[in-house]
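First the structure, in the form of structure tokens, and then the observations on it.
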Amino acid sequence: MGDRTGEHLALVDVNNFYVSCERLFDPRLENRPVVVLSNNDGCVVARSPEAKALGLRTGMPWFQIAPQAEAWGLVARSSNYELYGDLSARVMELLGRWGTWQQVYSIDESFIGLTGTPRQALETGRQLRRAVARHLGLPVCVGIASTKTLAKFANHVAKNNPHDARIDGVFSVEQAPAGFVDRLMQRLPSTEVWGVGRKSGDKLERLGIRTMAELRDAEPGWIRSRFSVVLERTVLELGGVACIPDADEHAGPAQVIFSRSFSRPVVSSADMADVMNAYGQRAAARLAAQGQRARTVMVTAGTSRFSGPDGSVSKSVALPRATADPIAITRAAVGAMRSVMREGVPYTRAGVMLAGLGPAETGQEMLAGFEEVEGADVVPDRHLEDVLGRVRGRFGGTAIGLGRGGLAEQGSWTMRREFASPQYTTRFSELPVVRA
DNA sequence: AAGCGCC
DNA sequence: CTGGCGCTT
């Protein structure tokens, strides 16, 4: 745990984040059903309230919905992660200013620490909600409590009572009327608790625990023996004991994965080599951007989960040295895949995973290799990944890459993005034009 | 390598 | 004609 004694925890997230981002730049999407689709336009990942009212659920495949879309006036958008990522950075930066501490939990969620009395913390929550609306035009909900799990619950309360003027998007467990939280927990199923999914919910039910309140009141040690230390912590947190450790700010992620489904199955090893070339570069670029190096490359490829025999393969290979060099990583990925894939099998997805991560060399270490240029005012880049990172930072992610066409070249397997919106905030050529 | 849960 | 990711076991 960090040093957060006596603080309140707020969990802030953006309502229907991807849809809200799309609406920000296309007001025609206001007041009508809108869904944002996953990569490859596969299934629904975000819904406007109007789309929810139509009964559309997250995870629904688009091909099942598409026939009715026109009759419903439903608008679909392909996911535009350039846009969402950019807006996310702005939201997170703004939220960080309101907290004594911040943990960015996902693209649209952040835990932040609030000080003062419970009453003051609630008022801060209301202020930051107004600030995000004013500065970024995005609607957020805020849940405030003493533990992360309770803050998640409080956020859920805020989000699911949009028309309650007393809540108005901000709910504090500590400031709720007596008995209110307990009555709610007695009504809500355990699966509404953060960290309790379908499987654990089923198992809990078989053991006689159905509601959030029953889970909160369960014996922690018994839960640990029947489930895991992770669920035990959830029980303690529901009871107000903060015990989910904060993410280590300094440590990057333990692994970097770049994995995608194909628009069309990949059958030949030649095409799969192109895939590994492209995915290896993307994974390597992320690794370099995080200032990390990898020791291990793992490749995976799989057949359709919904039809035909399961033909998933994977192979892990050690790199000769820890590196973020896209040439070394891409070579390793292509070679590993060639050794395990079966020619003629229709693979529908593949991935490159980098593991055994550690920090990249410091500036001092890099300088050590350049005694020969001592006195020069510019230290040349020692690593290809640094050069690529700088070019991409200035000219865009596909401006430069390995091989003919680099990352810009598209294969027949490239993901489908039929309903893509412009990159309003990250490409000069796609800036929205405003006429007054 | 698979299960699980989250977004 | 059905996502991607990270962590745990």
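A, B, ... follow the sequence lines: proteins, then strands. Residue 1 opens every chain. Note: hydrogens, waters and symmetry copies are ignored here, and every other heavy atom, side chains too, is used.
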A:F180 ring centre to A:R183 NZ or CZ under 6.0 Å, with the angle to the axis within 45°? no

**Message:** So A:G351, base contact, sugar-phosphate only, or nothing? Heavy-atom distance under 4.0 Å.
**Reply:** nothing

B/S/- along nucleotides 4-9 of chain C (protein heavy atoms under 4.0 Å) is SSSB--

For this session: Mind checking A:D41 for me? I need base, sugar-phosphate or nothing, with any heavy atom below 4.0 Å counting as a touch.
Result: nothing

Atom CE of A:M60 and atom P of C:dC1 are separated, to the nearest Å, by 18 Å

Under a 3.5 Å cutoff, is there a donor and acceptor pairing between the side chains of A:Y84 and A:E22? yes

Correct closest heavy-atom pair for A:W62 and A:A76 would be CH2-CB, 3.6 Å

* Asked: Does the side chain of A:T211 come under 3.5 Å of the side chain of A:Q186 through a donor N or O and an acceptor N or O?
  -> no

Correct closest heavy-atom pair for A:A324 and A:R293 would be N-CG, 4.1 Å

- prompt: Between A:F306 and C:dT2, do the rings stack, that is, sit under 5.5 Å apart with planes less than 30° off each other?
  reply: yes

I'd like to know if the side chain of A:S20 and the backbone of A:L138 have a donor-acceptor N/O pair within less than 3.5 Å. no

Rounded to whole Å, the CZ-P distance (A:F262 to C:dG3) equals 12 Å

- Message: Under a plain distance cut-off of 3.5 Å, with no hydrogens placed, do A:N80 and A:S421 share a side-chain donor-acceptor pair?
- Response: yes

**OP:** Please work out if A:Y105 contacts a base, only the sugar-phosphate, or nothing of the nucleic acid, heavy-atom cut-off 4.0 Å.
**Re:** sugar-phosphate

When all nucleic acid strands are considered with a 4.0 Å heavy-atom cut-off, which category describes A:S314: base, sugar-phosphate, or nothing? sugar-phosphate

Point to revise | Donor-acceptor pair between A:S38 and A:N40 side chains, under 3.5 angstrom | key: no

Residues 39-61 of chain A vs salt bridge (charged side-chain N to carboxylate O under 4.0 Å, His left out), sequence neighbours excluded, gives A:R23-A:E50

Scan A:W194 against the nucleic acid and name what it touches under 4.0 Å (heavy atoms): base, sugar-phosphate only, or nothing. sugar-phosphate

Nt span of DNA chain B in reach of chain A heavy atoms at under 4.0 Å, 5' end first, is B:dA1 to B:dC7

Touch class at under 4.0 angstrom, heavy-atom based, for A:S79 against every strand present: nothing

